[in-house]
Engineer: 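Submitted below is the structure of interest, expressed as structure tokens.
Just so it is clear, the values below take in all heavy atoms, side chains as well, and ignore hydrogens, waters and symmetry mates. Proteins come first, then strands; the chains are lettered A, B, ... in the order of their sequence lines, and each starts at number 1.
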Protein chains: 2
Amino acid sequence: MARSKVGIKDVAVAAGVSVGTVSNVVNRPEVVAAATRVRVQSVIDELGYVRDGSARQLRSGTSRTMALLVLDLANPFFVDVARGAEQAAQEAGLQLITCNSGQRVDTESAYLAMLTEQRVRGVLLSPVDTCGERLARFRRGGIPHVFVDRTVPAGEACSVAVDDVAGGELAARHLVESGHRHIAFVVGPRILAQCRDRETGVRNALAAAPAPKRRLSVLDAPALDVSSGRDAGARLLGMSPRPTAVFCANDLLALGVLQALVAADVRVPDEMAIVGYDDIEFAGAAAVPLTSVRQPAARIGHTAAELLIAETSDRDGVPHEHETVVYMPELVVRASTQVRRR
Amino acid sequence: MARSKVGIKDVAVAAGVSVGTVSNVVNRPEVVAAATRVRVQSVIDELGYVRDGSARQLRSGTSRTMALLVLDLANPFFVDVARGAEQAAQEAGLQLITCNSGQRVDTESAYLAMLTEQRVRGVLLSPVDTCGERLARFRRGGIPHVFVDRTVPAGEACSVAVDDVAGGELAARHLVESGHRHIAFVVGPRILAQCRDRETGVRNALAAAPAPKRRLSVLDAPALDVSSGRDAGARLLGMSPRPTAVFCANDLLALGVLQALVAADVRVPDEMAIVGYDDIEFAGAAAVPLTSVRQPAARIGHTAAELLIAETSDRDGVPHEHETVVYMPELVVRASTQVRRR
DNA sequence: CTCCCCGGTTAATACGTTTCAGCTGGTTCG
DNA sequence: CGAACCAGCTGAAACGTATTAACCGGGGAG
């Protein structure tokens, strides 16, 4: 079991052949004579030779793995994005590695630095902040990348996203049409474009609503997760006058708010309606099934990966045109906004 | 913006020093004179030089990244494991990449092959099947690895797991003590040791229960996910006589079963009690908050990563002792098994 | 018979880095 | 005054692979 360092050279001498031939057996079997091929292959199996990715990549200059760097893997939305991207990568014969920045800028740039050093084929990127200096440096680094769940000025890079302004409008309009006059919006860190855009959508919808004037209360949450949602829910309960409906910037926040309401015996939706965002699988299974704004998560990942693959395949001479894909969100109405049998 | 290929050599000539000096500036700044250091560094910044990971690793022979290969990233339990592992890696100055086998054997071995070629420092592994030939080949490959959420015969490798038999017992005993006579167990693919062990625990608990004899119905689910849970829930509803309690091999299944019950207007826990496994965050936020068996997910990941790091740090000459860590699960009782104000 | 081509193989080179032995000029010690 | 040393730097040798030009023996075309 001499597992120490068997290289192409060892295989070559053991098979009585040159290293070039061994390389051919591994990478282009069709060019080597059948007899030689099986002999070399059997030596490879016997010795347990595995080619060395570093040397291979150093020599060839290109990698066969791409990366997905997401904002928050604890959010099932991004897990679905990853699933879609993984499938597209697999279809193209590439490997995908997933990295999680956890909404932290420094973790994000650490990963970007590592991926740059590794010379990955490309990166699918859902960055914390589009404007930061660290991100700009990465982009100057010349590694192909596609923005995911985030748009970017046309021509700068490919991007695949959902119209978050429209999504915010969708949610707020639904609440307005359900007769709510005082609506709360629980928003995450404003550094996230998603949060800013959804807020814009909410304000648009309220401004466009027919008289009478609606009131909007905005509650800030420090992060887009369940425990921040619980906090926000507690604050919501303390408000006076209390809003009759709440829209949350994502489903994790909404689930947290819901927990706080249920714990305080506030009836949903009778006393407080709730709308979430993302329509993660758990939204429909919640204490009160959540009305939510659905995004085609897996398709976003799949499309983004396809764009990246297109960008990194050498189309000899043909220059790459950056492309921007924007999907439209869709409102899924459930019990959390439907007053039952009056 | 000539982003094409700036290597250490380009930096060297631009700064008027030798390549060795540039390498030192990057890797051991303390050995080079301050004046030279700042000059070289400024050239590096200006040219946007990034050292090449492949060449670096090829030369030095060791990698600074380790990998985590999980069974199912859609299960928040594994996301927590990843979080713990990531933290431990970061503490040791290593990078962690996460790969998702999605409970598919072929995807798993594709990732293992890639990680082997890449010569990663080590792999944290929660395999689909401990016995398969493909896994055996990987293990012969000599890449250090630690099993996660899965025990392995002592001495073969390190492993960090939770006592699943005890967990199954915990859940079943709780239901027995709540007075249930006919219990259903929704189990996932038996190829997963977790499923087998939890079933063993259930049978142990029932065998050990005082008279009268309890009845056990086992329902097979094709996968450990929510939609399989919904299917199982539908089958459960069709049973006659119908069990009065159901224990699910994980929380995703339990949430699916719960959805099916709620949709059919079956009251939980009055008509049907439910126990899940993993105590994921969403279990407490479900339609009826779920009683569940909690596992210390983040700690599992953290400990496993620490073991791997210990195994791969050269303790000059001291041979590595494989270690097995087993945590005990804990029952968290919630509304899904507590009949309310009778 | 010569020439050329062809399938199959070899030997050499380059990829970008790290490392290490050695060179330099200057300073301190005996 | 010479020897020994020092900091700071240089230059070349690997690391394991993919690639390419060259080589070789034999068979078909001319």
Side-chain angles (χ1 to χ4, degrees), chain A residues 3-41 43-44 47-64 113-114 116-120 141-143 314, chain B residues 3-41 43-44 47-65 113-114 116-120 141-143:
Chain A
R3 288 297 321 110
S4 47
K5 301 287 158 203
V6 23
I8 203 174
K9 204 169 290 181
D10 306 288
V11 175
V13 311
V17 85
S18 81
V19 294
T21 302
V22 177
S23 174
N24 281 334
V25 168
V26 175
N27 300 302
R28 306 180 331 212
E30 68 280 6
V31 310
V32 26
T36 322
R37 190 189 329 140
V38 305
R39 179 161 44 97
V40 171
Q41 187 60 55
V43 172
I44 287 179
L47 265 54
Y49 163 72
V50 181
R51 67 186 168 191
D52 184 312
S54 336
R56 180 179 167 74
Q57 178 171 340
L58 173 61
R59 169 64 223 217
S60 73
T62 80
S63 162
R64 293 203 67 75
M114 165 206 150
T116 305
E117 282 197 4
Q118 233 55 45
R119 302 290 196 272
V120 291
I143 292 209
D314 29 324
Chain B
R3 288 298 320 110
S4 48
K5 301 286 157 207
V6 23
I8 203 174
K9 204 170 289 181
D10 306 289
V11 175
V13 311
V17 297
S18 78
V19 294
T21 302
V22 177
S23 175
N24 282 335
V25 168
V26 175
N27 301 301
R28 305 180 331 212
E30 69 279 4
V31 310
V32 26
T36 321
R37 188 185 334 136
V38 305
R39 179 161 45 98
V40 172
Q41 187 61 54
V43 172
I44 287 179
L47 265 53
Y49 164 71
V50 182
R51 69 187 164 192
D52 184 314
S54 335
R56 180 179 166 74
Q57 177 172 339
L58 172 60
R59 171 61 224 219
S60 70
T62 79
S63 163
R64 295 203 67 75
T65 83
M114 165 205 149
T116 306
E117 282 196 4
Q118 233 56 47
R119 304 288 197 272
V120 292
I143 293 210

Engineer: If you take all heavy atoms of A:A12 and A:V22, which pair is closest and at what distance?
Structural biologist: CA-CG2, 3.8 Å
Engineer: Between P on C:dT19 and CG on B:N27, what's the gap in Å once rounded to a whole number?
Structural biologist: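 B:N27 atom CG is separated from C:dT19 atom P by 7 Å.
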Engineer: Please report, rounded to the nearest Å, how far the P atom of D:dG16 is from the CD atom of B:Q118.
Structural biologist: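 Answer to the nearest Å: 16 Å.
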Engineer: If I compare all heavy atoms of A:V26 with all of A:Y49, which pair ends up nearest, and what's the gap?
Structural biologist: CG2-CE2, 4.3 Å
Engineer: Do B:V25 and B:Q41 make a side-chain contact, defined as non-hydrogen atoms from C-beta onward lying under 4.5 Å apart?
Structural biologist: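 The answer is yes, as the side chains (C-beta and beyond) meet within the 4.5 Å cut-off.
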Engineer: side-chain contact (heavy atoms from CB on, under 4.5 Å) for B:Q57 and A:Q118? Distances and angles first, verdict last.
Structural biologist: CA-CA 10 Å; B:Q57 177 172 339; A:Q118 233 55 45; 4.3 Å; yes
Engineer: Taking all non-hydrogen atoms of both residues into account, name the closest pair between A:S54 and B:L58 and its distance.
Structural biologist: CB-N, 4.1 Å
Engineer: Run the numbers on B:R37 and B:N24 for side-chain contact (heavy atoms from CB on, under 4.5 Å), then give the verdict.
Structural biologist: CA-CA 9 Å; B:R37 188 185 334 136; B:N24 282 335; over 6 Å; no
Engineer: Whole Å only: how far is the CD atom of A:Q57 from the C1' atom of C:dT17?
Structural biologist: 13 Å
Engineer: Below 4.0 angstrom from OP1 or OP2 of D:dG8, is there any side-chain N or O of B:R37?
Structural biologist: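 For B:R37, the contact criterion (side-chain N or O under 4.0 Å from OP1 or OP2 of D:dG8) is not met.
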Engineer: Below the 4.0 Å mark, does D:dA18 have OP1 or OP2 next to a side-chain nitrogen or oxygen of A:S23?
Structural biologist: yes
Engineer: Output one letter per nucleotide in nucleotides 9-16 of chain C: B when a protein non-hydrogen atom lies under 4.0 Å from the base, S when only the sugar-phosphate is that close, - when neither is.
Structural biologist: SB--BBBB
